[in-house]
Amino acid sequence: MPPTASTDDILGPLTPAQREAVQHVDGPLLILAGPGSGKTRVITHRVAHLLSRPVAARHILALTFTNKAADEMRLRLDRLAPHQPVWVGTFHRFCSRMLRMHAPLVGLSENFSIYDTENSRKVIAQTMEEAGVADSHFTPDQIARSISWAKNHLIDHNTYTAAPGSPVGAAVARVFPLYQKRLLASSAVDFDDLLVHTAVLLRENPELRARMDERYRYIMVDEYQDTNLAQYLIVRSMSVDWPNLAVTGDPDQSIYGWRGANLKNILDFEHDFPKVKVVRLEQNYRSTGNILLVADSLIAHNKRRKQKRLLTDKAEGPPVRLVAYPSHRDEAEHIASQIADEVTAKCRRPRDFAIFYRVNALSRSLEDALRAQGLPYQIVRGVEFYQRQEIKDVLAYLQLLNNPRDDVALRRIINVPRRNIGKTTLQRLNAHARRHELTLLDAARESGLIETIPKRAAVSVAAFVALYDRLRLVVHESVETILGHVLHETGYRKWLAQSDSEADNDRLANVEELIAAAREFDQKNPAPGALEAFLEQTCLVNDADDWDSEIDRVTMMTMHAAKGLEFPVVYIVALEEGILPHSRSRDSSDKLEEERRLLFVGITRAEEQLQLSFAKYRPYRGALCPTIPSEFLPELPRDRMEWHEPSSSVAVEVRGTGEGVDELPPDAADYIESDDGDSPQRREGVRTRDVGRYGNAAQSASAAGRRTAGASSAVVTAAQLQSGDPVATKKVSPEVFHHAMVVVHPEYGAGRIVALSGEGERRTATVEFFGSRGQKKFRLAFSPLRPVRSPG
DNA sequence: ATTCGCAAAGTTTTT
DNA sequence: CTTTGCGAAT
């Protein structure tokens, strides 16, 4: 019997309200948890409490929306009740797992592919052509959105009927059934299907439903306010015979309505489950009184909500600042200089600060300003890594190996790298496939027999098929092995390595990173069927999951990404009409309320200090345009806030405050030049635009640095792969590394560890390489990093 | 068949 | 201003 936490460990650290929720065992439970009220703690402690009853771990299911939340929960649960096989994960992952087991029931094969938005849009574009609506004025994107909307409301392709007189609807009505048919033919699902298929599965197979209900007797759902209809039905149908559904959420933090989330789910929970126990967690342990006051006044303007107070024992703290800047540049520069000041004065570290914005595009000027101050920063962005061409190319190979019917994957790679199989040939293959109801791969196998295809092309296609079959032979090996074969046999690696273009060298580096991820995955999942599991992970993961709070950097992200996080000091920028609230939200009051909640979420991330700001001028489509302050501003308690309206010379006032920070402080000359936005200094610096994964300019610099050695290092790595990976054999135990230790990396040279995080295989070191070569993160268990005796 | 260049268009949030 | 798409030229 594994060790479990004692009752004291479980209940001891809790407040009475929290304890009430944790001790509730049977019957439905609704936990209305305000921001910073210790919600995650309640969930994990409740699971631990259930385990101590004892409820078998296999009967407990904890569902979250993001991997980040799931990881966090798992980690904290492991501390209370180590190694318990409680199923903790995201909805999508849970559904995917369930579908794999019962795929035939919904017409799929077990090895189905999961299409991300890009893939699904490709299918839609194609079906639009087939349906003859291609040249209507609708974009695949619009159609995709409508289909997604329908799916979120559980309207299937047979039931969908266009609203009379709606041209979009008419187009969708034509495309939707075809789209669904094509997905099924390719044995593929899109993100929405994962949920929808599962909901249908449970609805139409009563005995399966009963089994699931019985299996998952205690279900917990985090962020319940973000569930959509499908998720609601899934959870409900598994809580009939065992109605022990516990949900936590905060209606005021529902910000995913655009994704089909239905606020009614939480607002009507008490109605759906009579005799429900309701616990309100209104005590906030995060923010100062002043911050909560602002949050409270703002959210009070929403009509559709459950009345709720926010209480804190904390001090009032400094007043929340509201600043009207002349322009976006003043805004960015002033914020950067304030941060630099506090860092220089040693009262705070960079990682104490976060800057939130409504849209990713706004990060630009902030980046520039932080860089000018020499402040380290990281940008948390949605997808990024797995969205890159090269990664998707390589993954498409794996996808096709796993699921030969995956036409989208085949299209993507049949001519990558170049194999002289052009658009025309593909078109003819496709026509043939359509005519005989074949998959593209099967059509390709017959290419020699298709009259329309010239001999030369047929030979190329045959070579591709042969290549595919060769790769199939290793499909049961470890993911790393499969990847190695793919990169080698397809010539993909060689293709990138021989290229002179800088972009390709960066791509190669990314591919290497994918290999590292595969290696890590193999170590964790030595079981067979690794490929499929790996693919699933890569589809359902996003980069924000990798965000690392340990690293000492200023964090920039959208307010959506900020949910669930907290920072001592928060800046929220661009409170302007059209941005926050966003222009696309203006038409309906529901959407406007969601924007208000979004700001509420942003505000309540702050622990000690908060600044809200807007700029009087901001560039829009290239031109600097006057702005209108956000309509939310008058809703704030201005008399309790600090109001600033700096004149346009902010930049001059703050000049030279970068002293003592990592990089050179900008001198006056720098400042004057950087004022025109196009100075030589700027241009010679490395652009930080697509460094989301690495986080900042310094790391992009390291990417640039390895360019010179790019080709040769790639060859070395390929050789390593074949010779049984000498890197792995030289491994040093992750525990020997410590903060500030000097280490050496075979490729990047020497550097110093500036941050450590994670444990075991996830233990990660951030290394600052000497000579301004930049920083890079390493998973210690898998990196070739070696300690060096400190000089002196 | 690929690459380059120019023109137009479009800017939300993400599993 | 940036990115994407398309068309023309090699």
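Letters A, B, ... mirror the listed sequences (proteins, then strands); counts begin at 1. Values below: all heavy atoms of this structure, side chains included; hydrogens, waters and symmetry mates excluded.
At whole-Å resolution of the value, CZ in A/R597 and C1' in B/dT12 are 16 Å apart. Spacing between atom CH2 of A/W149 and atom P of B/dT12 amounts to 21 Å, rounded to whole angstrom units. The distance from atom CZ of A/F191 to atom C1' of B/dT13 is 15 Å, rounded to the nearest whole Å. The distance between atom CZ of A/R584 and atom P of B/dT13, rounded to the nearest whole Å, is 10 Å. Atoms CD (A/Q253) and P (B/dT14) sit 16 Å apart, rounded to a whole Å. Between the CE atom of A/M557 and the P atom of B/dT12 there is a distance of 20 Å, given to the nearest Å. Rounded to an integer number of Å, the gap from A/E118 CD to B/dT14 P is 16 Å. What separates CG of A/L598 from C1' of B/dT14 is a distance of 13 Å, to the nearest Å.
Residues that satisfy the salt bridge (Lys or Arg N to Asp or Glu O under 4.0 Å) test with A/R428, not counting sequence neighbours, are absent from this structure. Judged as a ring pair (Phe, Tyr, Trp, His ring centres under 6.0 Å), and not counting sequence neighbours, A/Y617 has no contacts. By the ring pair (Phe, Tyr, Trp, His ring centres under 6.0 Å) test, A/W258 pairs with A/Y256, A/H560, sequence neighbours left out. Among residues two or more places apart in sequence or in another chain, the ring pair (Phe, Tyr, Trp, His ring centres under 6.0 Å) test is passed with A/Y224 by A/F269. Looking at residues two or more places apart in sequence or on another chain, you find no ring pair (Phe, Tyr, Trp, His ring centres under 6.0 Å) involving A/Y232.
Contact annotation: A/T558 reaches the phosphate of B/dT14 (side-chain N/O to OP1 or OP2, under 4.0 Å). Between B/dT13 and A/N360, a contact under 4.0 Å exists linking OP1 or OP2 to a side-chain N or O.
A salt bridge does not link A/E595 to A/K591: none of the charged side-chain nitrogens sits closer than 4.0 Å to a carboxylate oxygen. Classification of A/R304 and A/E593 as a salt-bridged pair fails, no side-chain N sitting under 4.0 Å from a carboxylate O. Checked for salt-bridge contact, A/K39 and A/D250 miss the test: no charged N lies under 4.0 Å from a carboxylate O.
The gap from the C1' atom of C/dG5 to that of B/dT12 amounts to 22 Å, rounded to the nearest Å. Atom name P, nucleotides C/dT4 and B/dT13: the rounded distance is 14 Å, in whole Å.
In this pair, A/H582 does not lay its aromatic ring on the base of B/dT13; centres under 5.5 Å and planes under 30 degrees do not both hold.
Checking A/H92 against A/Y620, the closest nucleotide of DNA chain B that is more toward the 5' end is the one next to A/Y620. Checking A/R358 against A/R93, the closest nucleotide of DNA chain B that is more toward the 5' end is the one next to A/R358.
Checked by distance alone, A/W258 brings a side-chain donor or acceptor within 3.5 Å of a matching partner on the base of B/dT13.
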Distances under 3.5 Å between protein N/O atoms and the N/O atoms of nucleotides 2-8 of chain B, please, pair by pair.
residue	atom	partner	partner atom	Å
B/dT2	OP1	A/R418	NE	3.2

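Counting any heavy atom pair closer than 4.0 Å across all strands shown, A/F65 reaches sugar-phosphate atoms only and no base atom.
Side-chain proximity of A/R364 to C/dT2, B/dT12, B/dT14: nearest is C/dT2.
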